Amino acid sequence: MKAEILSAEIARRKARVREAPNPEHTTKLQQSEAKNDKAQGCVRKGSSS
């Protein structure tokens with residue numbers, strides 16, 4: 001469920017960057033992507049244990 005929320009947030013932020021590519025939007029997109037990568041890493045590590 002959290003992965004779906006993060007994916008939706010990233011899609012929203014990507015659209016915002018396409019519409020108005022300013023540093024604030026780009027930074028927030030990068031932060032969301034990093035959060036998503038970290039969350040997916042935890043899921044992969046947890047599922048292999």
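Predicted, not measured: the structure shown is a model, and the values here were computed from it.
- A search for salt bridge (Lys or Arg N to Asp or Glu O under 4.0 Å) contacts involving E24 returns K28, not counting sequence neighbours.
- In terms of the salt bridge (Lys or Arg N to Asp or Glu O under 4.0 Å) criterion, K14 has no residue partners (sequence neighbours excluded).
- With hydrogens and angles disregarded, a donor-acceptor distance shorter than 3.5 Å links the side chain of H25 to the backbone of A20.
- Residues that satisfy the side chain to side chain contact (heavy atoms under 4.5 Å, CB included) test with K35, not counting sequence neighbours, are L6, E9.
- The other residues sharing a hydrophobic cluster with L29 are I10, V17, where clustering joins ILVMFWY side chains under 4.5 Å apart.
- Atom NZ of K2 and atom CG of N36 lie 10.0 Å apart (nearest 0.5 Å).
- How far CZ of R12 is from OG of S7: 11.0 Å, rounded to the nearest 0.5 Å.
- Rounded to the nearest 0.5 Å, atoms CG (D37) and CD (Q30) are 11.5 Å apart.
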